[in-house]
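All remarks here apply to the structure that follows.
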Amino acid sequence: MSPELTIVAPTFNERGNVEAMVTRLDTVLEGIRWEIVFVDDDSSDGTIEALRTLARADPRVRALHRIGRRGLATAVVEGIQSSSAPYIAVMDSDLQHDEALLPTMLRRLRDGSADLVIGSRYADGGGVGDWSVKRARMSRLGSMAARIVAPTPLSDPLSGFFMITRSAFDSVVRKLSSQGFKILLDIVASGGGGLRVVELPYTFRVRAHGKSKLDSAVAWDYLALLVDKTIGRFIPGRFVLFVAVGTIGVGVHLGVLGFGANVLEASFLVSQSIATLAAMTFNFFLNNLLTYRDRRLRGWGLVGGLLSFYAVCSVGAVANVGIAIFLFGQHYSWWLAGIAGILVGAVWNYAASSVFTWRR
């Protein structure tokens, strides 16, 4: 018989945890038809080999090996879409989520009282374990920011541990941003208040093996999700981030220009040329690291991408100047003509680089 419950567990360098996770699930899900889909983002520690060994021994274990792309949100979506089960649970593969809560979650969905059941660290009776003060503070700040986009009040909108009905997921999947790692918040925000949500308390456990995946880029991904869910219906969230990087690049340009002209006493032409090249280079690498993290270029692709970005931005600069001069000649004020030129250049750079530099 087909499984009633599919557990989707993204993995990246979790070889020391996956076997123990299957053993624990086997204990707590006795009497339930279940399967687990591990979605591995090309781990380098032998995780995929360990998963294949488990899958050969236990038909309830499946492994999806993704190459050339990473991201928890997209991993979860692909894992769910690979299943036909009526109920889907999402949890980390690092053993920090309490698998003993899964039967209770399933009962709440079976009885029709909820579409989405969330394991909450902040509901009464829950806890964050041995988190440092800094991490606890960051989590609280992230939860406060989540209220901007979450139509349903939640105690733990950043939880990575939840269970959802197939019908509820299908109702929001086409609206998902699939940005970053907070897929739960994406689901809740995309549901627009139409999902019936229940939170159940649990205590976050200490990681047994491996390292935490939290870093500064994860924070940027979270910001990208908030941007997309607030103004994404009007302006692409990625474009907003692209412009933000460009704004920082303006500072780099002015800094290099001032250093060349005033400290090195180079000619303005030389200083301006070097500053332009420096700003474009800076923008490329920062966009590659953050704005296009899901399409990040590496190796020789990085070199080709940089050259194409130079070409794209060069055309954008010509368009910028051309539009500004034309509007100024039509008796528009200098500042309005300048802003129009900047906007045209920015839109061109974003659109063209998405097509030629960071192709899907």
Side-chain angles (χ1 to χ4, degrees), residues 67-71 179-180 215-217 219-221 223-224 227-228 232 235-329 334-360:
I67 299 175
R69 62 194 189 279
R70 289 183 182 177
Q179 180 76 38
D215 56 25
S216 56
W220 178 268
D221 280 345
L223 174 63
V227 169
D228 187 71
I235 304 173
R238 201 189 296 267
F239 175 69
V240 175
L241 301 179
F242 187 88
V243 171
V245 169
T247 302
I248 300 173
V250 171
V252 173
H253 183 110
L254 295 177
V256 173
L257 176 61
F259 182 80
N262 300 316
V263 178
L264 300 181
E265 298 183 349
S267 68
F268 181 81
L269 177 60
V270 171
S271 299
Q272 175 73 347
S273 300
I274 295 174
T276 300
L277 188 64
M280 286 194 294
T281 304
F282 172 86
N283 287 355
F284 169 77
F285 282 103
L286 194 56
N287 276 312
N288 190 59
L289 179 67
L290 300 175
T291 310
Y292 291 95
R293 189 183 181 198
D294 57 328
R295 308 183 199 175
R296 188 175 298 170
L297 302 173
R298 294 177 172 85
W300 286 108
L302 192 67
V303 177
L306 178 59
L307 294 177
S308 72
F309 190 71
Y310 284 156
V312 164
C313 291
S314 296
V315 175
V318 172
N320 180 338
V321 174
I323 290 294
I325 291 175
F326 172 78
L327 292 179
F328 187 71
W334 63 268
W335 61 269
L336 186 59
I339 290 175
I342 291 171
L343 288 176
V344 169
V347 171
W348 163 261
N349 289 345
Y350 169 72
S353 63
S354 294
V355 173
F356 298 108
T357 305
W358 289 284
R359 297 184 297 271
R360 281 192 178 277

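Positions are given from 1, in the same order as the sequence printed here.
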(Q) Determine whether Asn283 and Phe242 satisfy the following criterion, side chain to side chain contact (heavy atoms under 4.5 Å, CB included), listing intermediate values before the conclusion. (A) CA-CA 9 Å; Asn283 287 355; Phe242 187 88; over 6 Å; no
Q: Apply side chain to side chain contact (heavy atoms under 4.5 Å, CB included) to the pair Tyr310 and Thr281, showing each step before the final yes or no.
A: CA-CA 8 Å; Tyr310 284 156; Thr281 304; 2.6 Å; yes
Is there a donor-acceptor pair closer than 3.5 Å between any side-chain N or O of [X] and the backbone N or O of [Y]?
X      : Y      : answer
Arg238 : Thr291 : yes
Thr357 : Ser354 : no
Trp348 : Ala317 : no
Asn262 : Gly258 : yes

Q) Just one of Val240, Thr247, Val245 clears the side chain to side chain contact (heavy atoms under 4.5 Å, CB included) bar with Val243, so which one? A) Thr247
Distance-minimising heavy-atom pair for [X] and [Y]:
X      : Y      : answer
Cys313 : Asn349 : CA-OD1, 3.5 Å
Arg359 : Arg295 : O-CD, 4.0 Å
Thr276 : His253 : OG1-CE1, 3.2 Å
Gly249 : Ala279 : O-CB, 3.7 Å
Ala319 : Val344 : CB-CG1, 4.2 Å
Leu302 : Phe284 : O-CZ, 3.6 Å

Q. Quick one: are Tyr292 and Leu297 in side-chain contact, heavy atoms under 4.5 Å?
A. no
Q) Considering only heavy atoms from C-beta outward, does the side chain of Ile248 approach that of Leu286 to under 4.5 Å? A) yes
Q | Worked check of side chain to side chain contact (heavy atoms under 4.5 Å, CB included) between Leu289 and Phe285 | A | CA-CA 6 Å; Leu289 179 67; Phe285 282 103; over 6 Å; no
Q | Separation between CG of Leu241 and OH of Tyr350, rounded to the nearest 0.5 Å | A | 9.0 Å
Q | Straight-line distance of Phe309 CZ to Asn287 CG, nearest 0.5 Å | A | 5.5 Å
Q: Would you please test Ile274 and Val256 for side chain to side chain contact (heavy atoms under 4.5 Å, CB included) and show each step?
A: CA-CA 7 Å; Ile274 295 174; Val256 173; 4.0 Å; yes
